[in-house]
Amino acid sequence: MTGGTAPPPDGPGGGAPEGARIGRPDPAGEIPLLRRLWSGGHLLPDGASGGPAHPVIRLFGRWVRRPLLPAARLWRRNIQLRVVATTLLMSLGVVLLLGLVVIGQVRNGLLDAKRHAAQGQAVGGFEVAEQMADRKSDNRGQDGAGAGAQDSGAWLNALVEQLASGGKGAYSVVALSSDSGETPYVAGRGPRASGDVQPDSVPADLRRRVDEGRTAPYERYGKIVHAGSGDSEPALIIGKRLDDNNGDAYQLYYLFPFSQEEKSLSLVKGTLATAGVFVVVLLGAIAWVVVRQVVTPVRMAAGISERLAAGLLQERMKVTGEDDIARLGESFNKMAQNLQLKIQQLEELSRMQRRFVSDVSHELRTPLTTVRMAADVIHEARGDFDPITARSAELLWGQVDRFESLLSDLLEISRFDAGAAALEAEPIDLRDVVHRVVDGAEPLAEAKGTRILVRGAEAPVIAEADPRRVERVLRNLVVNAVEHGEGRDVVVRLATAGGAVAVAVRDYGVGLKPGEATRVFNRFWRADPARARTTGGTGLGLSIAVEDARLHGGWLQAWGEPGGGSQFRLTLPRTAGDVLRGSPIPLEPEDSRRNRRPSDAVTPQPAAERLAAVPAQPRSALPADAVAPAADPTALPGNGARVVRGTPETPSDGPRGGQEPSARPTPSNEGEGRPRGR
């Protein structure tokens, strides 16, 4: 740190305020009013980031936006309105463009015609003025010198009146003295103008050009100013320098107003505007009628599709005519009829299947009971048999027990398929359910050399659930974890947060291959069909577990990686009937390969150190009345089987474990393909 004077402290802690900007301070120490309003009225230090917008500004924004919301919603949902509005806008653009082109062409044509007519009229007037001057000069030479000089002003008056008499309002004539220094001043040679036109209507630059041009005529667009009213109107001014009866130079101008041309142009504009309005309205009406003929059947088809989706399979479209819309309606009706037929066939097949499973299960109860009694008698007397017969008695007894489990599971599945499963929810503490499940799985865990550890059971985990179904789900998950855990520890975690409770069962065994997490809940699914079930499972355990979770309105999801174990998570709403929006336990555990850093590489440990190697589940940091977390991106409500492997957890999934696991790694090819069903 370089030396120098440190800035004074800005707060109680002596440090610069958070977000302060190093740079130019405000010399006056004041904040603009607009910035103060935008920052919510709070005085902020210079450079500090402002807060939310002022409540008045937000209220004004909502007030402005509120009436626009219905219009925006109507614009998004009404295709007929969009097509008609687009047609109107495009028609309006075309009419405006066409009107501009037509008006421009008419204007140019009127100007060209006026200019040519004015030039011809002016040239004729200039010739008449020259002839009158020549005749006066000849008369003056015959009568004697000096007489014509006194008649110069009268001659100009007579000239202007004579030239303007043929105009009859079509043009005006102005005679002005020449500004050339070669022309001597003559008394009575003031400006002369016809009608009420002011002589200063002639621009000064045009007068200079006329004097410089000598005998060439010049023209320019200008304005005629009337002496009486002071009004002005555009005009074309043509002037030329001439000599009067005394041979003195003067300027003669013709002023041609555009009043008639303006009236003609205004008439054309009005006609085009009226015709354009009628064309736009007519095109809009045509577009409305045409689009309505197409949109009405589409809206009808959309409404019928919604009713078909709601289960009203007898709905059909009304078909009239033989056009494309009629063929579309006929095709739609055929599709609906085929769908109805197929759905009815599937429903009948499903009913027959459920009835068959139910009937077979019930019919097998009686002979199975007899076989069970006989198998028990034979199994108890196996000590008197030879070794081969005794072993056969043991196998018979075990397979009859598995047969009973299969029948029970089939009956349960048939109840789920028929929609007859009922939920008997009551407030329970999931810790008690977990302890019962763990105690029941202890013999199998001891045989496998596995320890079952429970984490997060320090505080009550209360939820409204069916204890029998929840215990069945957890028993299936724990037994599967012990069976496929390869003798490593199995961790059962409990957590609660917001409006949800969760139980996760983590093993460090063979794990799941990519894509198996979506199929592990299928009925009778096994990763390797060639392998036998070592614990006598029926292959329906996880399927029943998913249905039990769905019956609670919860999720049952799976995560796994080859050689890194797997984790099954059961998430239930704390109150029966609530909708889940997240889970307090992340689906992918903290000790997965992706979450571990390279420096945290695990090393093999002896069995005595496994207890410390398994990560502990921390308590939930969310209070009981906290807002429910956001939806888990890996969770699809109502279908716990659809889990994308490796999807990151959202921050709302709750706190994660703070310890890094160091469970003994297993090669990716060790034990792969072991069945995951019960």
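The residues D578 and R574 are annotated as not salt-bridged, no charged nitrogen and carboxylate oxygen being separated by less than 4.0 angstrom. Under 4.0 Å is where a charged nitrogen must lie from a carboxylate oxygen, and between R506 and D591 at least one such pair does. Ionic pairing of E483 and K448 is not present here: no N-O contact between side-chain nitrogen and carboxylate oxygen is shorter than 4.0 angstrom. By the 4.0 Å N-to-carboxylate-O rule, R550 lies close enough to E547 to be salt-bridged with it. D507 has no carboxylate O lying under 4.0 Å from a charged side-chain N of R488, or vice versa, which leaves the two without a salt bridge.
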Table please: side-chain donor-acceptor pairs of residues 302-315 below 3.5 Å, with sequence neighbours left out.
from, atom 1, to, atom 2, distance (Å)
S305, OG, A301, O, 2.7
R307, NE, E315, OE1, 3.3

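Nearest heavy atoms, V505 versus A481: CG1-CB, 3.6 Å. Considering every non-hydrogen atom in both D466 and H552, the closest pair reads N-NE2, 3.0 Å. Residues E458 and R431 come closest through the heavy atom pair O-NH1, 3.5 Å. Among all heavy-atom pairs drawn from G554 and L580, the shortest one is CA-CD1, 3.6 Å. When every heavy atom of V461 is checked against every heavy atom of A495, the shortest pair comes out as CG1-O, 4.1 Å. Nearest approach of A465 to I428, heavy atoms of both residues: CB-CD1, 4.0 Å.
In terms of the ring pair (Phe, Tyr, Trp, His ring centres under 6.0 Å) criterion, residue partners of W397 (sequence neighbours excluded) are, by chain and number, H379. Under the side-chain hydrogen bond (donor to acceptor under 3.5 Å, both in side chains) criterion, D386 pairs with T389, sequence neighbours left out.
Atoms CE and NZ, from M317 and K334 in turn, are 14.0 Å apart once rounded to the nearest 0.5 Å. Rounded to the nearest 0.5 angstrom, R493 CZ and R569 CZ are separated by 13.0 Å. Considering CZ of R436 and CG of D439, their distance stands at 9.5 Å, rounded to 0.5 Å. The distance from the CG atom of L556 to the CG atom of D548 is 9.5 Å, given to the nearest 0.5 Å. Rounding to the nearest 0.5 Å gives a distance of 7.0 Å between OG of S583 and CD of Q557. With rounding to the nearest 0.5 Å, the separation of OG1 in T450 from CD1 in I452 is 7.5 Å.
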Begin with the C-alpha distance, continue with both residues' side-chain angles, and end with the deciding distance and a verdict on side-chain contact (heavy atoms from CB on, under 4.5 Å) for N480 and F568. CA-CA 10 Å; N480 279 347; F568 287 76; over 6 Å; no
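With E516 contributing its side chain and K513 its backbone, the two residues share a donor-acceptor pair below 3.5 Å. For E464 (side chain) and A576 (main-chain N/O), a donor-acceptor pair under 3.5 Å exists by modelled atom type.
Between W555 and L572 there is no side-chain heavy-atom pair separated by less than 4.5 Å.
Judged by distance alone, the side chains of R299 and N78 do bring a donor and an acceptor atom under 3.5 Å apart.
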